[in-house]
Amino acid sequence: MASRSMVAMEVPIVGSDAVRWIEVTVPSSTSSSPAVPSEARAPLTENASSCHLIPGDPPTYLIWRIHKNLPHVLELVEVSALKEFPKSGLRLIFQDALCPFGLICKNEIQNPGESPYLLYVLTVSGVVYLLKLKNVCSYTSGSVFPQNEFVEFAVQGDSHTGRITAVAGIFGCLVIGRQDGSIVCLQLGVLDPSMPGFIHELRDDLGINRIWSLMARGKIIGAVIDLVMLELHEKKFLLVLHEDFCLRVWDLSTHVKVLNHNINLQQSAGACPLRLWADVVDWDKCLITLAILCGGALETNSEIVIVYGLHFNAGDKVLFSPDASIQSLIPLDEGRVVDLKITSNKLWILREDGPMSFDLSETSFNLEHSCSYGLQEASIAEILFQGTECAFEDLIWMDSSMFSSVKDQVVLSLSMIFLRRLLQPVVYQTDALRETILDYDKHLTDSEFQSLTVAGLKKELLSIIESAGSFVSPISTLNFWKTFCTCYYHCWCQNNIPYGLLVDSSTGAIGLIRKSSISLFRCLEDVELLAYGSSEDFHDLGTMSLTFPPDDLDFEILLDVLRCSSSISHQLGRSATAIFYESLITPDIMSEDITSRLLKIIETGHGSTVEAKLSFHFGADTAWEKQKADHKVLRKFSVDMLISLHALCSKAMSWSRVLDVVEKYLKHLIPHKITEIIEAEASFDLNSFLLVNATSQVARVMFESSFDIYMFLGYLVNVGGQILMMEDHIFRIKHQLIPMIQDILMQWFTVHFIGTTLSESPTLEDFSSQLSSLHIDNKNGKLSLEKKLGTCGFSLACMLNFPKSPDDVGLLASSLLPPPSKFISSLQSFISWIIWGGTVENSVVSISPTIELALTLLNHGQYKSAEDLLASIHAHSRRRKLPDSNQSFDGEWCAHLHLLGFCLLMRAQNELHGVFKEKAVRESVCYFFRAASGQKACQSLQKLFFQTGLQHPVETASVTTWKLHYYQWAMQVFEQYSLSEGACQFALAALEQVDESVIEPEASVIRGRLWANVFKFSLDLNNYRDAYCAIISNPDEDSKTICLRRFINVLCEQGATKIMCDGELPFVGLIEKVEQELIWKAERSDVSAKPNPYKLLYAFEMHRNNWRKAAGYMYQYYTRLRKETNIRELQQPYSEFQERLESLSAAINALQLVHPAYAWIESQHEDYFSIDQHSPNKRTRKFVEEDNTLQAHRLQYCIDIEMMEEDYVLTSAQFHLLMTNEKVPFMGCQSLSNLVDMLIQANLYDMAFTVVIKFLRGSSLKSELERVFIIISEKCSSSRKAPSDMWNDGHMHTPLLTYSEDETIGPTDVIHSVQHFKGDHWELLELYLEKYKKLHSRLPVIVAETLLHSDPQLELPLWLVHMFKGGRTVPSWGMAGQESDPATLFRLYVNYGRYTEATNLLLEYIDSLASLRPADIINRKKMSAIWFPYTAIERLWCQLDQLRSSNHMVDQCDKLKKLLQDALLKHLKQIKVDSDDAVSAARGA
């Protein structure tokens, strides 16, 4: 047999691989299969399928499948060409395994009701079922088939009837053939099984006829191999093929055999019959074509198809006669026959390696040539880089030489190449991908997997790569995808095993029923025939509609050109086209760089980088061998190409003719432009999805063919000198042919992109999707479209309107499945609609097809796809350097840029984040500005309102007016999506157009509004300086005030008040407004607001040297804190008191910068807080404040620094009391004593003394000091410690408050000096007494008296005794001194019964006086030079006498008296002498 040429390609039906099955169980009342002997069983379960056309309006195709691995299940799908492929199918679950047989026909019984179909099936145990089927959608999964809607009949009753070998049926009749050659007819569906005549057996060996047959032939008829039922002239005939090649024909109406013929097979001895097919192919000649499948001889595994003719007459009695002239053998050397179908002019054979067809002529069978049909396996393997000829190193150089411009994203770019190919509708298969994902331990349930959108599926696949660690390097990524695609391809093949042919004889449609999908075949285009044909088949393409006949020299030249381009394509490998395609869709990759690198690889091979990676992957030795082999292949290729090119030039006589042929071929590659299309409409039926998939297949082949020519032309330019090509020829290639092929590549790229790119689910934030979700128009088609967006298999092309012409008889106009030939015209119309668009003769402004495509995508929220499409065309236009001066081009170019900017804007809002979002916004702004700069921008953009919201102004008197309108629109769009950066730029651009387009006063209003917008956007971007400039530039005073208020509020909210207070913004002419706004904000804000407005006012005024105002605001803040804060309700009262102290300190510091004469502030309330109501510094005055409605008299108080310091001290006291967990007193008009007592009680002595000293003067101060020291002394006496040895060094390390009469106590001194003392009270008493006795010299007396009063026997501390003595050394002039002198101490001793201490003290001073130095004796002899408390001494003497007289301490009293007596006698003598000397001295003077 001659070689077969490919004439058709398989087109998958979208959705046929993702059917959700409704499982219904069919019950059984018969006995189970084990009761039937094995020899009585029917044929075992095999993979089987069939399609039955049910007439109707519209017609319905019922397709069933039986799986060998699911023998109890029959799957049924109800398909209509006018609807999309059903999402649900019926899965009938039987109790027993099924035979590979099924028959579905229309229910022709009267009043079929809701059961329009009948289903006949046979189980392996010989039980026949007749089920009355409803529409598939009426069943519920998990239910049981109703008992009253099916009939069950057991054909096998005993083991003597023979095993069932064949079964056939037609409505009302089911025929069963057995191994013994008998045939049983069942009137199932017409008669009840219990009625007579229901079952009838067809045998010719009954009675005498059987005896006669045995005598005549000597043998019994062979087993029934296969049965075929035909209906001729309203009569039913049965064709029976027996095991001995005996063909019998029975008339089922009379049950009479009308033909008994033995088929003679002399050409194939030892063959055995396997199957029989028959159909009427010619009613005029009354010819029936039979096809018998025979198994080969035992020594071979080949099969043979016998084509046989059978005539019948058209009379009342139909007679059959074999036609010996019509008999041919078709040897099938490879591949098992899966199915065979006969139509009016074709014989279709489905083998394991693919289908093939043979033409049936009118007179005889011409079987010299057959035509093959391309299966999906080959195209999917090519798309996914599968196959033995595709080595791994063919993919490695992708990352090294192709992605140099996107090095940071090379791994993701590589993954996107595979993802785009894997998810193409012609490649994607639900079950295969799910099984592949399961192999990578990614477990998803059926519902979870089916609910995944395209974006979700991509995310899951990328997560698998990441979890596998394949994002580390490009090599690991490629290795992962190679393994993943191989696994997917294997799963795809396992899930798509061909089960049978789908043939509609009424239309000639031919398809394929696979395990998990269904497809149809289409005829190939002319260029496809060249692409899929081998070099030997090129001469057999005489039916092509090329511009030159096949026998012409130009055609020979073309074939040589195609051979050369094919060689270049083979040398580059499959990845070259994929990379070039990726460069068109990825703006970061320049296609010119890809092209130059590809051509360099053709000439010099892969670079050192690839070789290093190969060495790393395969090992050094293997890589070296590969390099040598590749180098050898490259040398052979180069030599062969040069020889072929020289031969080509010699055949054409010149390169000019070669280029002319190439140009003719390129014109043929240009998509056909069909002008008869006048309308188009959306369609979601099965045929439209077939058209989309077929379009993507054609576009891929055309793109690859164009790319091969592109590489061929580039190669010619590079080797032009070696093949004697003139400069004129090279110039023509560069400036005429290459730009031409670049345009062609872009056109087919557009078609393929639209046909294979999957739609995306619109984001919830998308306004158009929200608007469409309201379903205002309530169109079912639009509702169906919205549900499909983002689903796998639904590409961008499915959203387009499909073109129709008035006399359209193509694919979309048919209610039946289309034949292969009908695809061509519909394909050309649809491709023309995509590339060239519809007729726009009545349009005011022409919209290019690309813009029309983009608008359609935008209308459905496909912003990413629209951006990719527009960006690709934009990059192509830049490469072509199309002239901007072209007016028509200029208008389309403006619309193009406008839509591209809008796509980037929408994606920045809904999809992108981070740096990608910022980049998209910047690019969007650039595109909008470029679109507005076009000369015909106004006219070209007026039709884009629906998709982008650009409303065209009613009147556009000038270009500047239109630009003003356009920039304001862009500003509003960016503002709508919270993209302030772009909105600000367009607001500034609109301001530039105001002066030239609008006159006053309207111009001022517009400027004010635009400057307000600039302010708002700058503020959103935290560009505070720009926002300030916008405020001062705003000519509208009201708007300026509003913006200023907003500016202040935002600075406060964002914590950026430093820029307002540090003088960086001068606020020219706005100082008072800023201050008023801050005052207004401060008065109406909570005192706990962050940042605090009063502090802002303080900083604002301090920077401008307004110290009194600054102090006033801080004092107001303090006043509000004190009045509005409830300390008892605060969770952190410490911070509140700290805030009060800081505010007072700031106010004091500010006033200290003012001249003392003006260092005061005014307060409208008696905010000054003091215990002392007699302060002389408080001044009051009356003033009258007029209001709009009333006059009110207020008192205004003037508060100076001293009053603030008093407030500071009191607040500090409260703070320190709070720190000791004491109850904070209400600091109203309370007594000072109570506060001091609380401070002392809390051991806050420093704070207590600070309060006393700050608020009291004169006697009040002394009195309060005495009271304080009394309390301290009482604490000391209660401690009962021996104080005499304490603090003899007089040193204290605790930092205490120092005081000087010349100093004033400031707030900082108080807060840093006050310390809660935890030491001994005696230590404190000594230190405070030493410090404050300067203020009141009687304090030591108070302390000593308090101590002795509390405990008369208490020994006074040594340091206290020294204070009375005036130092550590005893003076020499008696006991006279200040209030705290030795005499006072002596009296205290006497008063409290401390006679011994009193006597010792007196003796000490008397002895000291007597032991003066000679130099001091003269001073002692002066008048009144010495003094002793003689009255107290006398009292001591009397007390001793009184004590002795009471017989108490007699000895001690006598001893003390003796000491006193001796000392006094001696002292008196000395006084007598000194007195006489003094008198004598006075007289002598």
Worksheet item: Can you name the ring-ring contact (aromatic ring centres under 6.0 Å, His included) partners of F521, sequence neighbours left out?
Response: Y373

Worksheet item: Rounded to the nearest 0.5 Å, how far does OG of S567 lie from NE2 of H570?
Response: 8.5 Å

Discussion item. Return the CZ to OG1 distance between F707 and T577, rounded to the nearest 0.5 Å.
Written reply: 5.0 Å

Worksheet item: Is there a donor-acceptor pair under 3.5 Å between the side chain of R351 and the backbone N or O of R336?
Response: no

Fill in: Smallest separation among heavy atoms of L375 and M9, with atom names
O-SD, 4.3 Å

Item to complete: Report yes or no: does S826 contribute a side-chain atom to a donor-acceptor pair with the main-chain N or O of F823 at less than 3.5 Å?
Response: no

Worksheet item: Should we count NE2 of H631 as having more than 12 external heavy atoms under 6.0 Å?
Response: no

Discussion item. Give me the atom names and distance for the closest heavy-atom approach of A652 to V658.
Written reply: CB-CG2, 3.4 Å

Fill in: Shortest non-hydrogen contact between P818 and K822, atoms and distance
CB-CB, 4.2 Å

Discussion item. Whether the side chain of W492 engages the backbone of E377 through a donor-acceptor N/O pair (distance < 3.5 Å, no angle test) should be reported.
Written reply: no

Discussion item. Give me the atom names and distance for the closest heavy-atom approach of W836 to P671.
Written reply: NE1-O, 3.2 Å

Worksheet item: E382: what forms a side chain to side chain donor-acceptor pair (under 3.5 Å) with it, not counting sequence neighbours?
Response: none

Worksheet item: Under 4.5 Å between any side-chain heavy atoms of L520 and I510, yes or no?
Response: no

Worksheet entry | Note: R522-E10 ion pair, threshold 4.0 Å (strictly below) | no

Worksheet, complete the sentence: Sequence neighbours excluded, the answer for side chain to side chain contact (heavy atoms under 4.5 Å, CB included) partners of S638 is L634

Practice prompt. For the pair S596 (side chain) and D593 (backbone), establish whether a donor and an acceptor sit closer than 3.5 Å, ignoring hydrogens and angles.
Written response: yes

Worksheet entry | Verdict with reasoning, E603 to N718, per side-chain hydrogen bond (donor to acceptor under 3.5 Å, both in side chains) | CA-CA 9 Å; E603 296 181 23; N718 289 353; 2.7 Å; yes

Worksheet, complete the sentence: For K673, the side chain to side chain donor-acceptor pair (under 3.5 Å) test, sequence neighbours excluded, returns none

Discussion item. Evaluate R420 against I585 for side-chain contact (heavy atoms from CB on, under 4.5 Å), listing each step before the verdict.
Written reply: CA-CA 11 Å; R420 265 191 280 269; I585 202 174; 3.8 Å; yes

Practice prompt. List for me each residue that meets side chain to side chain contact (heavy atoms under 4.5 Å, CB included) alongside S795, sequence neighbours excluded, and say none if there are none.
Written response: P425, V692, A797, C798

Practice prompt. Measure the CZ-OG distance between R597 and S583 for me, rounded to the nearest 0.5 Å.
Written response: 11.0 Å

Worksheet item: Between the main-chain N or O of L584 and the side-chain N or O of S872, is there a donor-acceptor pair closer than 3.5 Å?
Response: yes

Discussion item. With salt bridge (Lys or Arg N to Asp or Glu O under 4.0 Å) as the rule and sequence neighbours excluded, what pairs involving residues 702-729 come up?
Written reply: R700-E704

Discussion item. One pair to check against side-chain contact (heavy atoms from CB on, under 4.5 Å): L558 and K664. What are the steps and the verdict?
Written reply: CA-CA 9 Å; L558 174 61; K664 290 181 182 180; over 6 Å; no

Worksheet entry | Beyond-backbone contact of T595 with M711, side-chain heavy atoms, under 4.5 angstrom | yes

Practice prompt. Indicate yes or no for a side-chain donor-acceptor contact from Y488 to the backbone of Q429 under 3.5 Å, with no hydrogens or angles considered.
Written response: yes

Worksheet item: Would S519 and Q376 count as a side-chain contact (heavy atoms from CB on, under 4.5 Å) if you check the C-alpha gap in whole Å, the side-chain angles of each, and the deciding distance to 0.1 Å?
Response: CA-CA 9 Å; S519 58; Q376 295 183 70; 4.0 Å; yes

Worksheet item: Measuring from K651:NZ to I557:CD1, what's the distance to the nearest 0.5 Å?
Response: 7.5 Å

Discussion item. Please check: side-chain N/O of S566 versus main-chain N/O of L562, any donor-acceptor pairing under 3.5 Å?
Written reply: no

Contacts table for residues 741-751: side-chain donor-acceptor under 3.5 angstrom, sequence neighbours left out:
{"residue": "Q742", "atom": "NE2", "partner": "Y710", "partner atom": "OH", "Å": "3.2"}
{"residue": "D743", "atom": "OD1", "partner": "H876", "partner atom": "NE2", "Å": "2.7"}
{"residue": "D743", "atom": "OD1", "partner": "R880", "partner atom": "NH1", "Å": "2.4"}
{"residue": "D743", "atom": "OD2", "partner": "R880", "partner atom": "NH1", "Å": "2.3"}
{"residue": "W748", "atom": "NE1", "partner": "L669", "partner atom": "O", "Å": "2.7"}
{"residue": "T750", "atom": "OG1", "partner": "M746", "partner atom": "O", "Å": "2.8"}

Discussion item. Test of understanding: with side chain to side chain donor-acceptor pair (under 3.5 Å), list the residues that count as partners of T486, not counting sequence neighbours.
Written reply: Q386

Item to complete: Please determine if R563 and D560 form a salt bridge, counting it only when a charged side-chain N lies under 4.0 Å from a carboxylate O.
Response: yes

Practice prompt. Take S415 and T477, measure what side-chain contact (heavy atoms from CB on, under 4.5 Å) needs, and give me the verdict at the end.
Written response: CA-CA 7 Å; S415 296; T477 303; 3.6 Å; yes

Worksheet item: So, do D554 and R657 sit near enough that their side-chain heavy atoms are less than 4.5 Å apart?
Response: yes

Item to complete: Using a 4.5 Å cut-off on heavy atoms from C-beta on, say whether the side chain of V698 contacts that of I831.
Response: yes

Worksheet item: Any sub-3.5 Å donor-acceptor pair from H874's side-chain atoms to L870's backbone N or O?
Response: no

Worksheet, complete the sentence: Correct closest heavy-atom pair for L572 and I602 would be CD2-CG1, 3.4 Å

Worksheet item: Which residues satisfy the side chain to side chain contact (heavy atoms under 4.5 Å, CB included) test with S705, sequence neighbours excluded?
Response: V527, A531, Y665, V701

Practice prompt. Report the relative orientation of the aromatic rings in H672 and H668; use parallel for angles under 30°, tilted for 30 to 60°, perpendicular for over 60°.
Written response: perpendicular

Item to complete: For F484, enumerate each residue passing the ring-ring contact (aromatic ring centres under 6.0 Å, His included) test, keeping only those at least two apart in sequence or located in another chain.
Response: Y440, F480, W481

Worksheet entry | Enclosure of H490 NE2 (heavy-atom neighbours >12, cutoff 6.0 Å) | no

Response to the item:
Across all chains, not counting sequence neighbours, the side chain to side chain contact (heavy atoms under 4.5 Å, CB included) partners of K734 are V717, I730

Worksheet entry | Flag, side chain of H646 to backbone of Q722, donor-acceptor distance under 3.5 Å | yes

Fill in: side-chain hydrogen bond (donor to acceptor under 3.5 Å, both in side chains) between E528 and Q697, worked out
CA-CA 10 Å; E528 288 184 293; Q697 290 178 344; over 6 Å; no

Practice prompt. Would you check, one step at a time, whether the test salt bridge (Lys or Arg N to Asp or Glu O under 4.0 Å) holds for D640 with K636?
Written response: CA-CA 6 Å; D640 292 343; K636 184 178 185 303; 2.8 Å; yes

Practice prompt. Compute the centroid of each ring, for Y581 and then for H752, and state whether the two points are separated by less than 6.0 Å.
Written response: yes

Worksheet item: Between the side chain of N693 and the main-chain N/O of P12, is any donor-acceptor distance below 3.5 Å?
Response: yes

Worksheet, complete the sentence: d(L713 CG, Q736 CD) to nearest 0.5 Å is 11.0 Å

Practice prompt. Return the set of residues passing side chain to side chain donor-acceptor pair (under 3.5 Å) with R635 (not counting sequence neighbours), or none when no residue passes.
Written response: none

Discussion item. Can you tell me how far apart CG (L478) and SG (C485) are? Round to the nearest 0.5 Å.
Written reply: 10.5 Å

